[in-house]
Amino acid sequence: MNAPLPVVRDVPSLRNEIAAWRKAGLRVGLVPTMGALHEGHLSLVRTAKEKADRVVTTLFVNPRQFAPHEDFERYPRDEAGDSAMLASAGCDLLYAPDRAVMYPEGFATNVIVTDVSTPLEGEFRPHFFGGVATVVSKLLLQSLPDAAFFGEKDYQQLQVIKRMTRDLDIPVAIEGCATVRESDGLAMSSRNAYLNADERKIAARLNLIMHDAIKAARAGAAIASAEAQASRHITAAGFTSVDYIAIRDAETLAPITDLSRPARILAAAWLGKTRLIDNMAV
Ligand code: PAF
(Lines give C-alpha, C1' and ligand atoms only; values in the text may rest on other atoms or scores of the structure.)
Protein backbone atom coordinates (compact mmCIF):
# COMPACT_ATOMS: atom_id res chain seq x y z
CA MET A 1 0.00 0.00 0.00
CA ASN A 2 1.19 3.51 -0.85
CA ALA A 3 1.38 6.18 1.84
CA PRO A 4 -1.61 8.57 1.67
CA LEU A 5 -1.06 11.40 -0.79
CA PRO A 6 -0.49 14.78 0.89
CA VAL A 7 -3.21 17.28 0.00
CA VAL A 8 -3.30 21.08 0.07
CA ARG A 9 -6.43 23.14 -0.45
CA ASP A 10 -5.29 26.76 -0.63
CA VAL A 11 -2.80 28.79 -2.65
CA PRO A 12 -0.30 29.70 0.15
CA SER A 13 0.05 26.01 1.14
CA LEU A 14 0.50 24.99 -2.51
CA ARG A 15 3.16 27.65 -3.02
CA ASN A 16 5.00 26.68 0.19
CA GLU A 17 5.31 23.06 -0.93
CA ILE A 18 6.48 24.04 -4.41
CA ALA A 19 8.93 26.67 -3.05
CA ALA A 20 10.58 23.99 -0.89
CA TRP A 21 11.05 21.75 -3.95
CA ARG A 22 12.42 24.63 -5.99
CA LYS A 23 14.88 25.49 -3.21
CA ALA A 24 16.14 21.92 -3.45
CA GLY A 25 16.64 22.40 -7.22
CA LEU A 26 13.77 20.07 -8.22
CA ARG A 27 11.69 20.35 -11.42
CA VAL A 28 7.94 20.49 -10.92
CA GLY A 29 5.22 19.08 -13.23
CA LEU A 30 1.51 19.89 -12.99
CA VAL A 31 -1.38 17.66 -14.10
CA PRO A 32 -4.69 19.57 -14.01
CA THR A 33 -7.78 17.33 -13.69
CA MET A 34 -11.42 17.40 -12.67
CA GLY A 35 -11.04 14.06 -10.87
CA ALA A 36 -12.99 10.87 -11.71
CA LEU A 37 -9.57 9.61 -12.70
CA HIS A 38 -8.88 6.78 -15.12
CA GLU A 39 -5.83 5.30 -16.80
CA GLY A 40 -5.64 8.31 -19.16
CA HIS A 41 -5.06 10.67 -16.24
CA LEU A 42 -2.60 8.28 -14.61
CA SER A 43 -0.57 8.12 -17.80
CA LEU A 44 -0.30 11.95 -17.64
CA VAL A 45 1.00 11.63 -14.07
CA ARG A 46 3.54 8.97 -15.10
CA THR A 47 4.74 11.09 -18.03
CA ALA A 48 5.00 14.12 -15.75
CA LYS A 49 7.00 12.03 -13.29
CA GLU A 50 9.42 11.02 -16.06
CA LYS A 51 9.95 14.64 -17.05
CA ALA A 52 9.93 16.31 -13.62
CA ASP A 53 11.15 15.45 -10.13
CA ARG A 54 7.88 16.26 -8.36
CA VAL A 55 4.31 16.07 -9.67
CA VAL A 56 1.30 18.03 -8.44
CA THR A 57 -2.14 16.91 -9.60
CA THR A 58 -5.00 19.37 -9.30
CA LEU A 59 -8.55 18.25 -8.64
CA PHE A 60 -11.27 20.83 -9.20
CA VAL A 61 -14.59 20.32 -10.98
CA ASN A 62 -14.67 23.72 -12.62
CA PRO A 63 -18.23 25.12 -12.67
CA ARG A 64 -17.29 27.81 -15.21
CA GLN A 65 -16.75 25.27 -18.00
CA PHE A 66 -20.24 23.75 -17.69
CA ALA A 67 -23.35 25.44 -19.13
CA PRO A 68 -26.42 25.40 -16.83
CA HIS A 69 -27.98 22.47 -18.76
CA GLU A 70 -24.77 20.37 -18.65
CA ASP A 71 -23.60 17.67 -16.23
CA PHE A 72 -21.83 19.71 -13.51
CA GLU A 73 -24.04 18.31 -10.73
CA ARG A 74 -23.82 14.68 -11.84
CA TYR A 75 -20.11 14.82 -12.81
CA PRO A 76 -18.53 11.86 -10.92
CA ARG A 77 -16.64 12.85 -7.74
CA ASP A 78 -14.46 10.53 -5.62
CA GLU A 79 -11.55 12.36 -4.02
CA ALA A 80 -10.51 9.40 -1.81
CA GLY A 81 -10.43 6.99 -4.78
CA ASP A 82 -8.62 9.55 -6.97
CA SER A 83 -6.08 10.23 -4.26
CA ALA A 84 -5.23 6.52 -3.85
CA MET A 85 -4.78 6.11 -7.63
CA LEU A 86 -2.56 9.18 -7.82
CA ALA A 87 -0.34 7.94 -4.98
CA SER A 88 0.19 4.65 -6.80
CA ALA A 89 1.05 6.49 -10.06
CA GLY A 90 3.84 8.45 -8.35
CA CYS A 91 2.08 11.79 -7.78
CA ASP A 92 3.64 13.78 -4.92
CA LEU A 93 0.92 16.27 -4.00
CA LEU A 94 -2.80 16.76 -4.57
CA TYR A 95 -4.09 20.31 -4.87
CA ALA A 96 -7.85 20.23 -4.28
CA PRO A 97 -9.12 23.78 -3.83
CA ASP A 98 -12.81 24.46 -3.28
CA ARG A 99 -14.91 26.91 -5.23
CA ALA A 100 -14.29 29.79 -2.81
CA VAL A 101 -10.53 29.43 -3.26
CA MET A 102 -10.73 29.42 -7.05
CA TYR A 103 -13.54 31.95 -7.42
CA PRO A 104 -13.74 34.06 -4.26
CA GLU A 105 -16.58 36.52 -3.76
CA GLY A 106 -16.25 39.30 -6.34
CA PHE A 107 -14.22 37.25 -8.86
CA ALA A 108 -14.68 39.15 -12.13
CA THR A 109 -12.15 37.90 -14.67
CA ASN A 110 -12.74 35.77 -17.73
CA VAL A 111 -9.87 34.61 -19.96
CA ILE A 112 -11.06 34.41 -23.57
CA VAL A 113 -8.90 32.94 -26.32
CA THR A 114 -10.19 33.77 -29.80
CA ASP A 115 -9.57 31.95 -33.13
CA VAL A 116 -8.71 28.40 -32.06
CA SER A 117 -11.60 28.45 -29.51
CA THR A 118 -14.22 29.40 -32.06
CA PRO A 119 -15.00 26.32 -34.22
CA LEU A 120 -16.07 22.77 -33.24
CA GLU A 121 -16.39 22.63 -29.42
CA GLY A 122 -16.61 26.43 -29.40
CA GLU A 123 -19.67 26.28 -31.61
CA PHE A 124 -21.49 23.59 -29.62
CA ARG A 125 -20.28 24.58 -26.12
CA PRO A 126 -19.77 28.35 -26.38
CA HIS A 127 -19.13 28.79 -22.63
CA PHE A 128 -16.55 25.99 -22.47
CA PHE A 129 -13.18 27.39 -23.48
CA GLY A 130 -13.65 30.62 -21.51
CA GLY A 131 -14.15 28.45 -18.40
CA VAL A 132 -11.17 26.24 -19.24
CA ALA A 133 -8.81 29.14 -20.08
CA THR A 134 -9.80 30.98 -16.88
CA VAL A 135 -9.27 28.01 -14.57
CA VAL A 136 -6.11 26.75 -16.28
CA SER A 137 -4.50 30.21 -16.24
CA LYS A 138 -5.25 30.38 -12.50
CA LEU A 139 -3.87 26.89 -11.84
CA LEU A 140 -0.68 27.67 -13.80
CA LEU A 141 -0.16 31.00 -12.03
CA GLN A 142 -0.96 29.57 -8.61
CA SER A 143 1.63 26.81 -8.97
CA LEU A 144 4.08 28.08 -11.66
CA PRO A 145 5.35 24.58 -12.52
CA ASP A 146 8.10 23.97 -15.08
CA ALA A 147 5.65 22.05 -17.27
CA ALA A 148 1.95 21.18 -17.31
CA PHE A 149 0.58 18.00 -18.91
CA PHE A 150 -2.72 17.68 -20.79
CA GLY A 151 -4.25 14.79 -22.74
CA GLU A 152 -4.62 14.98 -26.52
CA LYS A 153 -8.06 13.44 -25.95
CA ASP A 154 -9.22 17.07 -25.50
CA TYR A 155 -7.24 18.16 -28.54
CA GLN A 156 -8.89 21.54 -29.11
CA GLN A 157 -8.56 22.31 -25.39
CA LEU A 158 -4.83 21.55 -25.66
CA GLN A 159 -4.46 23.97 -28.60
CA VAL A 160 -6.40 26.66 -26.70
CA ILE A 161 -4.18 26.23 -23.61
CA LYS A 162 -1.01 26.35 -25.72
CA ARG A 163 -2.19 29.56 -27.38
CA MET A 164 -3.24 31.14 -24.08
CA THR A 165 0.05 30.31 -22.37
CA ARG A 166 2.03 31.74 -25.26
CA ASP A 167 -0.12 34.86 -25.59
CA LEU A 168 0.00 35.65 -21.85
CA ASP A 169 3.73 34.82 -21.49
CA ILE A 170 2.97 32.31 -18.73
CA PRO A 171 6.40 30.71 -18.15
CA VAL A 172 5.22 27.08 -18.23
CA ALA A 173 5.88 24.47 -20.96
CA ILE A 174 2.61 22.87 -22.13
CA GLU A 175 3.00 19.18 -22.98
CA GLY A 176 0.37 17.19 -24.89
CA CYS A 177 0.20 13.44 -24.13
CA ALA A 178 -1.27 10.72 -26.37
CA THR A 179 -4.88 9.59 -25.80
CA VAL A 180 -5.18 6.35 -23.82
CA ARG A 181 -7.74 3.92 -25.28
CA GLU A 182 -9.69 0.89 -24.10
CA SER A 183 -8.86 -2.41 -25.85
CA ASP A 184 -11.63 -1.76 -28.41
CA GLY A 185 -10.23 1.68 -29.19
CA LEU A 186 -12.72 3.81 -27.23
CA ALA A 187 -10.89 6.88 -25.91
CA MET A 188 -10.83 6.81 -22.09
CA SER A 189 -13.01 9.51 -20.55
CA SER A 190 -14.59 10.14 -17.16
CA ARG A 191 -17.91 10.46 -19.03
CA ASN A 192 -17.70 6.85 -20.30
CA ALA A 193 -19.02 5.93 -16.84
CA TYR A 194 -22.43 7.33 -17.93
CA LEU A 195 -22.80 4.75 -20.75
CA ASN A 196 -25.05 1.70 -20.33
CA ALA A 197 -23.95 -1.67 -21.81
CA ASP A 198 -25.61 -1.08 -25.20
CA GLU A 199 -24.27 2.45 -25.50
CA ARG A 200 -20.81 1.26 -24.51
CA LYS A 201 -20.78 -1.18 -27.50
CA ILE A 202 -21.89 1.55 -29.90
CA ALA A 203 -19.34 4.00 -28.47
CA ALA A 204 -16.47 1.81 -29.67
CA ARG A 205 -17.58 2.33 -33.29
CA LEU A 206 -16.62 6.02 -33.23
CA ASN A 207 -12.85 5.49 -33.43
CA LEU A 208 -13.26 2.90 -36.22
CA ILE A 209 -15.36 5.29 -38.28
CA MET A 210 -12.73 7.99 -37.78
CA HIS A 211 -10.00 5.60 -38.98
CA ASP A 212 -12.10 4.88 -42.11
CA ALA A 213 -12.52 8.62 -42.77
CA ILE A 214 -8.74 9.10 -42.46
CA LYS A 215 -8.19 6.26 -44.96
CA ALA A 216 -10.70 7.80 -47.38
CA ALA A 217 -9.12 11.26 -47.16
CA ARG A 218 -5.62 9.83 -47.58
CA ALA A 219 -6.81 7.85 -50.60
CA GLY A 220 -7.87 11.12 -52.23
CA ALA A 221 -11.54 11.55 -51.28
CA ALA A 222 -12.57 15.20 -50.95
CA ILE A 223 -12.36 16.26 -47.28
CA ALA A 224 -16.03 17.33 -47.25
CA SER A 225 -17.23 14.00 -48.62
CA ALA A 226 -15.04 11.96 -46.19
CA GLU A 227 -16.60 14.02 -43.36
CA ALA A 228 -20.16 13.62 -44.65
CA GLN A 229 -19.79 9.86 -45.10
CA ALA A 230 -18.30 9.48 -41.60
CA SER A 231 -21.19 11.46 -40.13
CA ARG A 232 -23.70 9.13 -41.83
CA HIS A 233 -21.80 6.10 -40.49
CA ILE A 234 -21.87 7.47 -36.92
CA THR A 235 -25.65 7.84 -37.08
CA ALA A 236 -26.03 4.40 -38.68
CA ALA A 237 -23.92 2.88 -35.86
CA GLY A 238 -26.62 3.94 -33.37
CA PHE A 239 -25.41 7.29 -32.06
CA THR A 240 -28.29 9.61 -31.18
CA SER A 241 -26.81 12.59 -33.02
CA VAL A 242 -23.56 14.01 -34.36
CA ASP A 243 -22.36 17.49 -33.36
CA TYR A 244 -19.46 17.38 -35.81
CA ILE A 245 -16.90 15.20 -37.49
CA ALA A 246 -14.31 17.35 -39.20
CA ILE A 247 -10.84 17.13 -40.71
CA ARG A 248 -9.01 20.32 -39.80
CA ASP A 249 -5.62 22.01 -39.75
CA ALA A 250 -3.86 20.34 -36.81
CA GLU A 251 -2.75 23.61 -35.19
CA THR A 252 -5.38 26.24 -35.98
CA LEU A 253 -8.34 23.84 -36.45
CA ALA A 254 -9.36 25.91 -39.47
CA PRO A 255 -11.14 24.07 -42.32
CA ILE A 256 -8.86 22.60 -44.99
CA THR A 257 -9.41 21.30 -48.50
CA ASP A 258 -6.35 19.04 -48.81
CA LEU A 259 -3.80 17.22 -46.66
CA SER A 260 -0.76 19.29 -47.63
CA ARG A 261 -0.30 20.40 -43.97
CA PRO A 262 -0.60 18.32 -40.77
CA ALA A 263 -4.30 17.60 -40.21
CA ARG A 264 -6.45 16.23 -37.41
CA ILE A 265 -9.84 14.55 -37.49
CA LEU A 266 -12.11 15.56 -34.58
CA ALA A 267 -15.57 14.31 -33.67
CA ALA A 268 -18.29 14.88 -31.09
CA ALA A 269 -21.43 12.74 -30.97
CA TRP A 270 -24.20 11.94 -28.53
CA LEU A 271 -25.26 8.57 -27.16
CA GLY A 272 -28.46 9.30 -25.27
CA LYS A 273 -27.52 11.96 -22.72
CA THR A 274 -23.77 11.34 -23.01
CA ARG A 275 -21.59 13.40 -25.30
CA LEU A 276 -18.40 11.70 -26.50
CA ILE A 277 -15.47 13.40 -28.22
CA ASP A 278 -12.45 11.90 -29.96
CA ASN A 279 -9.69 12.94 -32.37
CA MET A 280 -6.72 11.50 -34.24
CA ALA A 281 -3.84 12.64 -36.43
CA VAL A 282 -4.74 12.23 -40.11
O1 PAF B 1 -9.53 18.44 -19.17
C2 PAF B 1 -9.98 18.68 -18.03
O3 PAF B 1 -10.10 17.78 -17.18
C4 PAF B 1 -10.38 20.09 -17.66
O5 PAF B 1 -10.93 20.76 -18.74
C6 PAF B 1 -9.22 20.91 -17.04
C7 PAF B 1 -8.07 21.11 -18.02
C8 PAF B 1 -8.70 20.21 -15.79
C9 PAF B 1 -9.72 22.30 -16.63
O10 PAF B 1 -10.77 22.22 -15.70
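Please read all numbers here as calculations on a predicted model, not as lab measurements. Counting starts at 1 for both ligands and their atoms, in listed order.
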Salt-bridged, [X] to [Y], with N to O below 4.0 Å?
X	Y	answer
Arg9	Glu79	yes
Glu70	Lys273	no
Lys153	Asp278	no
Asp212	Arg205	no

Dump all N/O pairs between ligand 1 and the protein below 3.5 Å as a table: atom names plus distance, one pair per row.
from: ligand 1; atom 1: 1 (O); to: Gln157; atom 2: NE2; distance (Å): 2.9
from: ligand 1; atom 1: 5 (O); to: Gln65; atom 2: NE2; distance (Å): 2.9
from: ligand 1; atom 1: 5 (O); to: Gln157; atom 2: OE1; distance (Å): 2.7
from: ligand 1; atom 1: 10 (O); to: Gln65; atom 2: OE1; distance (Å): 2.7

For residues 84-104, please give each side-chain donor-acceptor pair under 3.5 Å, one per line with the distance, not counting sequence neighbours.
from: Ser88; atom 1: OG; to: Met85; atom 2: O; distance (Å): 2.8
from: Asp92; atom 1: OD1; to: Lys49; atom 2: NZ; distance (Å): 3.1
from: Asp92; atom 1: OD2; to: Lys49; atom 2: NZ; distance (Å): 2.9
from: Asp92; atom 1: OD2; to: Val55; atom 2: N; distance (Å): 2.8
from: Tyr95; atom 1: OH; to: Gln142; atom 2: OE1; distance (Å): 3.0
from: Asp98; atom 1: OD1; to: Ala100; atom 2: N; distance (Å): 3.1
from: Asp98; atom 1: OD1; to: Val101; atom 2: N; distance (Å): 3.2
from: Tyr103; atom 1: OH; to: Asn62; atom 2: OD1; distance (Å): 2.6

Over 60° means perpendicular and under 30° means parallel, so classify the ring planes of Phe72 and Phe66, tilted if in between.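 Correct class here is perpendicular.
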
